[in-house]
Peer 1: 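My structure is below; once you've seen it, I'll send some questions.
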Amino acid sequence: MYDLEVPVLIVGGGGAGLTASMLLSRIGIESLLVTAWPKTSILPKAHVLNQRTMEVMRDVDVADTIYAASTPAEQMSHTAWYVGLAGDGDDRGRRVARMEAWGAGGHSPEWLAASPERQANLPQIRLEPVLRARAEELAPGRVRFHHEVTGLAQDDEGVTATVTDRDTGETYRVRARYLLGCDGGRTVGPAVGIVQEGVRDLGRVVSFHLSADLSRWARDPEVLIRWLWLPSLGIPGVLVPMGPDHWGPESEEWVFHLNYGPEDHHALDDDAVLADMRTALGMTGEQPTVHMISRWSLEGLVADRYRVGRVLIAGDAAHRHPPTGGLGLTSAMHDVQNLTWKVAAVLGGHAGDALLDTYEAERRPVDATNVQRSLENAVNHIAISALFGGGPEAGEEENRRQARRLWSEDPADAGFRRTFLATVAAQSMEFDELGVEFGYTYESAAIVPDGTPAPENPDPVRIYRPAARPGHPLPHAWLEDVDGNRVALARLVRPGRFLLIAGEEGLAWCEAAEKVAAQSGLPLEAIRVGHLDGDYRDLRSTWTAARGHTPQGAVLVRPDRFIGWRARGPATDPVAELTTALDTLLAR
């Protein structure tokens, strides 16, 4: 009846789809990925990969490849604001504010304490080929570009898709137990009635991917993203280096964004925006190589549902963000990290189908928060730009006069300068958002609460409070194994496998886990961690400070590195207690 049958069909070959393919392969679940696009992204698009995302990339063995191609840490430690870029005079290209970003390139103590991985920066045009190569290596012949889903139907037992090979025109039918829609919402979501809701058309952005030597103007090698106020145009611009062989001022390629108003039809004229780009970059007498012009609108959308029967959606199909904060691609990868282990558990007979309902329950609130954060980041940038000048109608001289107030020695301008710097300081909500990137928590039927309150946090945007409380991400700790080797606790959690971490006196919990795993076949491992005793030694007492249980207690870590259950001490019947917890968590 079908040309091909697979447990999981993935539709879409961007960051979400390729990551889903790799994770399923690492877990041992067969899948087929099809995407209508002939190749990976031709647009630079997203580029910042946060620490938790790099943990996922470590799981699929591409983290080191990404780091090797990424912006060096010292060249992504700051962001800054400027009045224009090039030109004569001390008010051309003048830096008016600078801010530490991404934990000073990952070197600040708080960011080092959050994860064994650091941030990376690699545009999608270079990231996606890395992901595709690894996905094809893990699933030969099962990653198919230029293969488009042209028909979709589902029943109680699975999903049937008609796929057209756009190179040959041939069609074939695929039968899958589950379908993951990672296609940006183009086909799968609308086919099953999923609707994206939210804010659209906040502004028009024209992006240029270009090659140019900007080293004489783009100073400050530590700055990754340059926010430019352009007095000659009366609009803001954003300049980001794209490498590939050098970064900072020596970057060979750049992306430059011009931000137009939502009703500005000037933005639709290629010749007009190219002229604006050359004026803005001070290149009126030069012809930079423009590889691509793209247009997009600022929007913040979240799907009304993440699951319809056997179809589940992830990534841009489920949520769309302004790029401010770098939360779009990273959220997509966290979606599929959450989803793939659950699909694997159901397919492996270890969980009930209702476990898949917890995907929406957990990810949708987090994604909605990330969309809201992205919008708020963008709105604050708009407020900063409004302080710079009067806009396109005011004219260049008036826009420059307003900007000069930022470094004026006139006492009358001191209050204006303070207001500007305070508004810029608020942008730490984007560049120091460790709590947003790493501190989010889950509440669902796949979390067994232990009745303890969440730790107090005076600023959940900027501050991350590690805790081994059910629903929280596994805190980072450096351990030492019996041979004296340093090991990151996070890396002991392997794709698709649960990890029980007992205290130094929690041998009964480890023995219970071994019995449960042997009886059920559940992929479950167990270790003891303590400062003086255990399979791993907690030399700095980092884990001991965060675990929230006695030496006789334990926590159960899900395959996505979230705490699923915690025993704060010993139990009379640890096998029964652990089994009950797993039955609840896995919807059995």
Side-chain angles (χ1 to χ4, degrees), residues 341-342 345-346 348-352 354-355 357-358 361-362 441-455 466-475 477 479 481-482 489-490 492-494 496-538 541-588:
W341 77 263
K342 294 175 179 178
V346 173
H350 301 302
L355 175 63
D357 292 331
T358 68
E362 292 180 351
T441 60
Y442 292 150
E443 292 184 17
S444 78
I447 299 293
V448 183
D450 66 355
T452 58
R469 178 175 176 267
H472 287 241
L474 175 68
L479 309 177
D481 67 15
V482 293
L489 179 59
L492 297 177
V493 184
R494 297 191 289 162
R497 304 188 69 82
F498 288 83
L499 179 66
L500 183 137
I501 307 173
E504 54 270 44
E505 299 173 20
L507 182 61
W509 286 115
C510 293
E511 292 173 343
E514 292 171 4
K515 290 179 182 178
V516 170
Q519 292 168 359
S520 65
L522 182 72
L524 169 63
E525 299 167 349
I527 58 173
R528 289 184 303 123
V529 177
H531 180 67
L532 299 178
D533 189 21
D535 302 302
Y536 295 89
R537 292 183 59 205
D538 181 21
S541 297
T542 307
W543 172 246
T544 305
R547 68 189 184 185
H549 63 69
T550 70
Q552 298 83 28
V555 298
L556 182 66
V557 186
R558 307 187 324 184
D560 57 357
R561 296 193 186 87
F562 276 78
I563 307 298
W565 164 86
R566 177 168 63 181
R568 304 188 70 194
T572 304
D573 189 344
V575 171
E577 188 163 330
L578 181 58
T579 300
T580 298
L582 285 165
D583 286 346
T584 301
L585 190 154
L586 294 171
R588 297 195 298 208

Peer 1: Could you check whether any side-chain heavy atom of Thr441 comes within less than 4.5 Å of a side-chain heavy atom of Ile447, counting everything from C-beta outward?
Peer 2: no
Peer 1: Closer than 3.5 angstrom, by distance alone: can the side chain of Arg566 be matched with the main-chain N or O of Ala468 as a donor-acceptor pair?
Peer 2: yes
Peer 1: Quick one: closest heavy-atom pair of Val555 and His549, and the distance?
Peer 2: CG1-CD2, 3.8 Å
Peer 1: Measuring only between side-chain heavy atoms, which start at C-beta, is Leu585 closer than 4.5 Å to Phe498?
Peer 2: yes
Peer 1: Ala446: which residues meet the side chain to side chain contact (heavy atoms under 4.5 Å, CB included) condition with it, sequence neighbours left out?
Peer 2: Leu355, Thr358, Glu362, Ser444, Arg558
Peer 1: Please name all residues satisfying salt bridge (Lys or Arg N to Asp or Glu O under 4.0 Å) with Asp573, sequence neighbours left out, ordered by chain then number.
Peer 2: none
Peer 1: One pair to check against side chain to side chain contact (heavy atoms under 4.5 Å, CB included): Leu492 and Val557. What are the steps and the verdict?
Peer 2: CA-CA 10 Å; Leu492 297 177; Val557 186; over 6 Å; no
Peer 1: Of the non-hydrogen atoms in Pro449 and Pro470, which two are nearest, and what is the gap between them?
Peer 2: CA-CB, 4.2 Å
Peer 1: Once you round to the nearest 0.5 Å, how far does OH of Tyr536 lie from CD1 of Ile527?
Peer 2: 6.0 Å
Peer 1: Provide the closest heavy-atom pair for Val346 versus Gly352 in the form atom of the first, atom of the second, distance.
Peer 2: CG2-O, 3.5 Å
Peer 1: Between Leu500 and Leu578, is there a side-chain heavy-atom distance shorter than 4.5 Å?
Peer 2: yes
Peer 1: Evaluate side chain to side chain contact (heavy atoms under 4.5 Å, CB included) for Leu489 paired with Ile501, printing each intermediate quantity in order.
Peer 2: CA-CA 10 Å; Leu489 179 59; Ile501 307 173; 3.8 Å; yes
Peer 1: Nearest heavy-atom pair of Leu524 and Arg497: which atoms, and what distance?
Peer 2: N-NH2, 4.0 Å
Peer 1: Mind running side chain to side chain contact (heavy atoms under 4.5 Å, CB included) on Thr580 and Trp565 for me, showing each step along the way?
Peer 2: CA-CA 11 Å; Thr580 298; Trp565 164 86; over 6 Å; no
Peer 1: Measure the shortest side-chain to side-chain distance between Val493 and Phe562 over non-hydrogen atoms and say whether it is less than 4.5 angstrom.
Peer 2: no
Peer 1: Over all heavy atoms of both residues, which pair between Ala567 and Trp509 is shortest? Give the atoms and the distance, please.
Peer 2: CB-CZ2, 3.4 Å
Peer 1: Of the options Glu504, Glu505, Arg568, which is the one that meets Gln552 in a side-chain hydrogen bond (donor to acceptor under 3.5 Å, both in side chains)?
Peer 2: Glu505
Peer 1: Residues in side chain to side chain contact (heavy atoms under 4.5 Å, CB included) with Arg528, at least two apart?
Peer 2: Ala502, Leu507, Cys510, Asp533, Asp535
Peer 1: Does Thr542 reach the main-chain N or O of Asp538 with its side chain, forming a donor-acceptor pair under 3.5 Å?
Peer 2: no
Peer 1: At their closest point, which heavy atom of Ser541 faces which heavy atom of His531, and how far apart are they?
Peer 2: OG-ND1, 3.5 Å
Peer 1: With a 4.5 Å heavy-atom cut-off, do Leu586 and Leu522 have their side chains touching?
Peer 2: yes
Peer 1: With a 4.5 Å limit on heavy-atom distance, are the side chains of Glu511 and Pro574 in contact?
Peer 2: no
